[in-house]
Undergrad: 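Here you go, one structure.
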Amino acid sequence: MTSPVEQLLRRSHALGADPRNTNYAGGNASAKGTETDPATGGDVELMWVKGSGGDLGTLTAAGLAVLRLDRLRALAEVYPGVEREDEMVAAFDYCLHGRGGAAPSIDTAMHGLVEAAHVDHLHPDAGIAIATAADGPELTRRIFGDRVLWVPWRRPGFQLGLDIAAVAAANPQAIGVILGGHGITAWGATSDECRARSLEIIRTAEAHIAEHGRPEPFGAVLPGYEPLEEQARHERAAALFPLVRGLASTDHPVVGHYTDTPEVLDFLARAEHPRLAALGTSCPDHFLRTKVAPLVLDLPADAPVERAAARLRELHAAYREEYAAYYARHADPDSPPMRGADPAIVLVPGVGMFSFGKDKQTARVAGEFYVNAVNVMRGAEALSSYAPIPEAEKFRIEYWELEEAKLRRMPAPRPLAARVALVTGGGSGIGAATARRLAAEGACVVVADRDPAAEKVAAEIGAGAPRARDAAIAVRADVTSEEEVVSALRQAVLAFGGVDLVVNNAGLSLSRSLLETSLDDWDLQHDVMARGSFLVSRESARVMITQGMGGDIVYVSSKNAVFAGPNNVAYGAAKADQAHQVRLLAAELGEHGIRVNGVNPDGVVRGSGIFASGWGANRAAVYGVEEDRLGEFYAQRTLLKREVLPEHIAAAIFALTGGDLSLTTGLHIPVDAGVAAAFLR
């Protein structure tokens, strides 16, 4: 026989795997059972419930809060009333069994006070559609009879747990409830029964909406607001995204996510979308991530980009004023300070949705939640009219002290959090090491290379992320091709909203004497390093200037930019070109807050694509050493007698971009273990 924990995890995974049942990190599930108390040797009744911040679909035993049921239920006797119910969250700590596992969530009381052994609380779109319909109580009776009952809106907490428990106790025939403005709760004597009842409520609501709902709940199509064709849609998105991201970063830097699902495009094409969007979302899980309402561009899809951009700036200023007014309407002296007045969701008819957050996952999930909200509005409007919870109630949750405490428990952001980095030549050597280091410091990374090895580097970076593309993507980029460079930047913009940190690392070298250097040799090296860096910097600067958030461009130049070594005239000249681009661009881009710096490595043999492609063999022949001893040879000719590794270059790039050198531009940092002839003067 499986344990209550095993049953709970199996049920949670099954429910959480289907987005029709609940959204990411939304809802919770619990199980009750008896175990031996190590302190007494006797039996103790326990409850295992998903802890604060977890996700049902990926829940593990470590993500469960474990509480003594007798102590949890005894809290009802000391409950001071709804005006002080927030105090009950701290009281949960006195109910923990042993170390207690994960932190208990605000919904813990709902699970513990209901007598049933298994309880699910979920946020299905169909269920919330009933919960947010103007005549939700009557719809609940009509759809479910006395099998599922209505519980009026109440902010999540101890009193809501008491309300649900009272309904369940007074109605033994009931399998669950619709929570006004919020979601559903179901219960059962066994885990399988509980899951079946949750699904019965959800599927019954879905079927009723499909059978009885109006066919076009969002109204008629607005001429000119229809979705653009995919290519045109993505071109328009790429043109607007950096601007929108910059606007959304007015208070705090954010990363973006672009969504053009049919649900969003259809919603924005319909006559009722301005009214419904203004009403905002309802379920607490939704508006905590999407804010109370989105910013909606009020222009048709084919409006000129310049007009759309100008209007977005106007609407953003108005949004910030209204958000500040919303805060002022509801804040009291004890309210947490306003966290930021920028939108988390920006809707552009014909194009789609831009969503924003402190990192890519947060931005993506915010977008997913707004898609949930669109589905909720569609269902509510199909059966009745959409009536979300009042604005004052939204404020009470958004600026709830318990939410503020949760934010305070979050770890401090990493130095490059909310920054988007693009690294050329990222498939190996210095580029790969740099991509990994920037990601480790919190950046979203675009690994650009003409070599498919970039895919492997991006996959390795994303291995620990909830979704690999939240951390890194790979793009093909032959930097000698203007078309491919433009495409790489466009892909970066569509993936993350823009670019903030660019590393010009792509390079190659052919070891030739002057007389042996052909015109093709010369052109190839200048095309990759001089021309390639120019193209990448130019296209990156376009994005950075549009964003208005400043930025960093770093050139991986070389000791050979200043040192005259033998048999590398083309390589040394191309590197000198790159080195002077640093100075020229630092002078030109400073007014935009864009810093341009360089790193001058030397002798980076290990993992180097350049050395592996023949340069190493040629340099070894020039210096009269074995190729596999070339790194040692380079080390011995330095002042520090140490070999330079790709990770050392990555560390220098981070030092330039991590914040400590924020007033430094036009600088070259030697990373060569000390080559006196290459000292900068």
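Model, not experiment: these values are computed from the prediction. The chain is numbered in sequence order, starting from 1.
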Undergrad: Using 0.5 Å steps for rounding, measure from the CZ atom of R197 to the OG1 atom of T185.
TA: 13.5 Å
Undergrad: Answer yes or no: is there a side-chain heavy-atom contact under 4.5 Å between R147 and I201?
TA: no
Undergrad: Write down the atom of G352, the atom of L268, and the distance for their closest heavy-atom approach.
TA: O-CD1, 3.7 Å
Undergrad: In chain order, what residues pass the side-chain hydrogen bond (donor to acceptor under 3.5 Å, both in side chains) check against T261, with sequence neighbours excluded?
TA: E263
Undergrad: Quick one: do D55 and K50 make a salt bridge, cutoff under 4.0 Å?
TA: no
Undergrad: SG of C283 to CD1 of I128: how many Å apart, nearest 0.5 Å?
TA: 4.0 Å
Undergrad: Between R419 and D500 (side chain of the first, backbone of the second, donor and acceptor by atom type, cut-off under 3.5 Å), is there such a pair?
TA: yes
Undergrad: When you compare the side chains of T34 and D43, does any donor N or O come within less than 3.5 Å of an acceptor on the partner?
TA: no
Undergrad: Please collect all ring-ring contact (aromatic ring centres under 6.0 Å, His included) contacts where either partner lies in residues 53-98, sequence neighbours excluded, each pair once.
TA: Y79-F158
Undergrad: Nearest 0.5 Å please: distance from the CG atom of D120 over to the CG atom of L199.
TA: 8.5 Å
Undergrad: Just to verify, what does W150 make a side-chain hydrogen bond (donor to acceptor under 3.5 Å, both in side chains) with, not counting sequence neighbours?
TA: none
Undergrad: When you measure from the side chain of E85 to the backbone N and O of Q159, does any donor-acceptor pair fall under 3.5 Å?
TA: yes
Undergrad: In terms of side-chain heavy atoms, does N372 have a donor or acceptor partner in E368 at a distance below 3.5 Å?
TA: no
Undergrad: Can you check whether P156 reaches I397 side chain to side chain, under 4.5 Å on heavy atoms?
TA: yes
Undergrad: With a 3.5 Å distance limit and no angle check, can you tell me whether D251 reaches the backbone of A341 through a side-chain donor-acceptor pair?
TA: yes
Undergrad: Excluding sequence neighbours, so at least two apart, what forms side-chain hydrogen bond (donor to acceptor under 3.5 Å, both in side chains) with D93?
TA: none
Undergrad: Walk me through whether R414 and D359 qualify under salt bridge (charged side-chain N to carboxylate O under 4.0 Å, His left out).
TA: CA-CA 11 Å; R414 288 174 287 175; D359 52 35; over 6 Å; no
Undergrad: Under 3.5 Å, side chain of E193 to main-chain N/O of A189, donor-acceptor pair present?
TA: yes
Undergrad: With the side chain counted from C-beta on, respond yes when R20 and D125 share a heavy-atom pair under 4.5 Å apart, and no when they do not.
TA: no
Undergrad: Does a salt bridge link R245 with D342, judged by any charged N lying under 4.0 Å from a carboxylate O?
TA: no
Undergrad: Tell me whether the count of non-hydrogen atoms from other residues, nucleotides or ligands lying under 6.0 Å of CZ in R71 goes above 12.
TA: no
Undergrad: Which residues pass the salt bridge (charged side-chain N to carboxylate O under 4.0 Å, His left out) test with D86, not counting sequence neighbours?
TA: R155
Undergrad: If you take all heavy atoms of V254 and A248, which pair is closest and at what distance?
TA: CG2-O, 3.8 Å
Undergrad: Are L438 and L501 packed together at the side-chain level, in the sense that at least one heavy-atom pair is separated by less than 4.5 angstrom?
TA: yes
Undergrad: Please report the shortest heavy-atom distance between A134 and S384, naming the atom on each side.
TA: N-OG, 3.5 Å
Undergrad: Find the distance between OG1 (T132) and CE (M377) and round it off to the nearest 0.5 Å.
TA: 9.0 Å
Undergrad: Show every ring-ring contact (aromatic ring centres under 6.0 Å, His included) that has at least one partner inside residues 98-121, sequence neighbours left out.
TA: H121-H123, H121-H182
Undergrad: Where the side chain of K360 meets the backbone of H257, is there a donor-acceptor pair that is under 3.5 Å apart?
TA: no
Undergrad: Taking the side chain as every heavy atom from C-beta outward, state whether L69 and L46 have any pair of such atoms under 4.5 Å apart.
TA: no
Undergrad: List the residues meeting salt bridge (charged side-chain N to carboxylate O under 4.0 Å, His left out) with E322, not counting sequence neighbours, and say none if there are none.
TA: R329
Undergrad: Who are the side-chain hydrogen bond (donor to acceptor under 3.5 Å, both in side chains) partners of N21, not counting sequence neighbours?
TA: R203
Undergrad: If the test is side chain to side chain contact (heavy atoms under 4.5 Å, CB included), which one of V376, L279, V292 qualifies with P388?
TA: L279
Undergrad: Distance-only, no hydrogens or angles: does the E138 side chain make a donor-acceptor pair with backbone N or O of D135 under 3.5 Å?
TA: no
Undergrad: Working to the nearest 0.5 angstrom, can you tell me the gap between I164 CD1 and R154 CZ?
TA: 10.5 Å
Undergrad: Rounded to the nearest 0.5 Å, how far apart are CG of L347 and OG1 of T259?
TA: 10.0 Å
Undergrad: Is there any ring-ring contact (aromatic ring centres under 6.0 Å, His included) pair reaching into residues 389-415, and which pairs are they, with sequence neighbours excluded?
TA: Y326-F395, Y327-F395, Y327-Y399, H330-F395, F395-Y399
Undergrad: Okay, side chain of S282, backbone of I389: is any donor-acceptor separation there less than 3.5 Å?
TA: yes
Undergrad: Which pairs with one or both residues in residues 26-53 pass ring-ring contact (aromatic ring centres under 6.0 Å, His included), sequence neighbours excluded?
TA: none
Undergrad: Identify the heavy atoms of T362 and G357 that sit nearest to each other, and give their distance.
TA: CG2-CA, 3.9 Å
Undergrad: May I ask you to test the M353-V371 pair for a side-chain heavy-atom distance under 4.5 Å?
TA: yes
Undergrad: Is there a donor-acceptor contact under 3.5 Å from the side chain of S52 to the main chain of P104?
TA: no
Undergrad: Please tell me if the side chains of I143 and T204 come closer than 4.5 Å, counting only heavy atoms from C-beta onward.
TA: yes
Undergrad: Using modelled atom types and a 3.5 Å cut-off, is there a donor and acceptor pairing between side-chain atoms of N171 and backbone atoms of Q173?
TA: no
Undergrad: Within a radius of less than 6.0 Å around CZ of R364, do more than 12 heavy atoms belonging to other residues, nucleotides or ligands occur?
TA: yes
Undergrad: Using the test salt bridge (charged side-chain N to carboxylate O under 4.0 Å, His left out), find all partners of R10 that sit at least two apart in sequence or belong to another chain.
TA: none
Undergrad: Does P217 reach the side chain of Y386, with side-chain heavy atoms less than 4.5 Å apart?
TA: no
Undergrad: Any carboxylate oxygen within less than 4.0 angstrom of a Lys/Arg side-chain nitrogen, looking at K32 and E45?
TA: no
Undergrad: Give every residue pair that meets the salt bridge (Lys or Arg N to Asp or Glu O under 4.0 Å) criterion with at least one member in residues 99-119, sequence neighbours excluded.
TA: R73-E115
Undergrad: Heavy atoms only: give me the nearest A116-G188 pair and the separation to one decimal.
TA: CB-O, 3.8 Å
Undergrad: Test salt bridge (charged side-chain N to carboxylate O under 4.0 Å, His left out) on E87 and R84 and set out the steps.
TA: CA-CA 6 Å; E87 298 171 20; R84 293 172 52 194; 2.8 Å; yes
Undergrad: Is there a salt bridge (charged side-chain N to carboxylate O under 4.0 Å, His left out) between R68 and D37 once you walk through the steps?
TA: CA-CA 10 Å; R68 286 182 52 133; D37 187 341; 3.5 Å; yes
Undergrad: Looking at R339, is its backbone amide N or carbonyl O close enough to the side chain of H252 to form a donor-acceptor pair, meaning the two atoms are under 3.5 Å apart?
TA: yes
Undergrad: Walk me through it: do E381 and R275 pass the test salt bridge (charged side-chain N to carboxylate O under 4.0 Å, His left out)?
TA: CA-CA 12 Å; E381 288 283 311; R275 172 182 67 85; 2.9 Å; yes
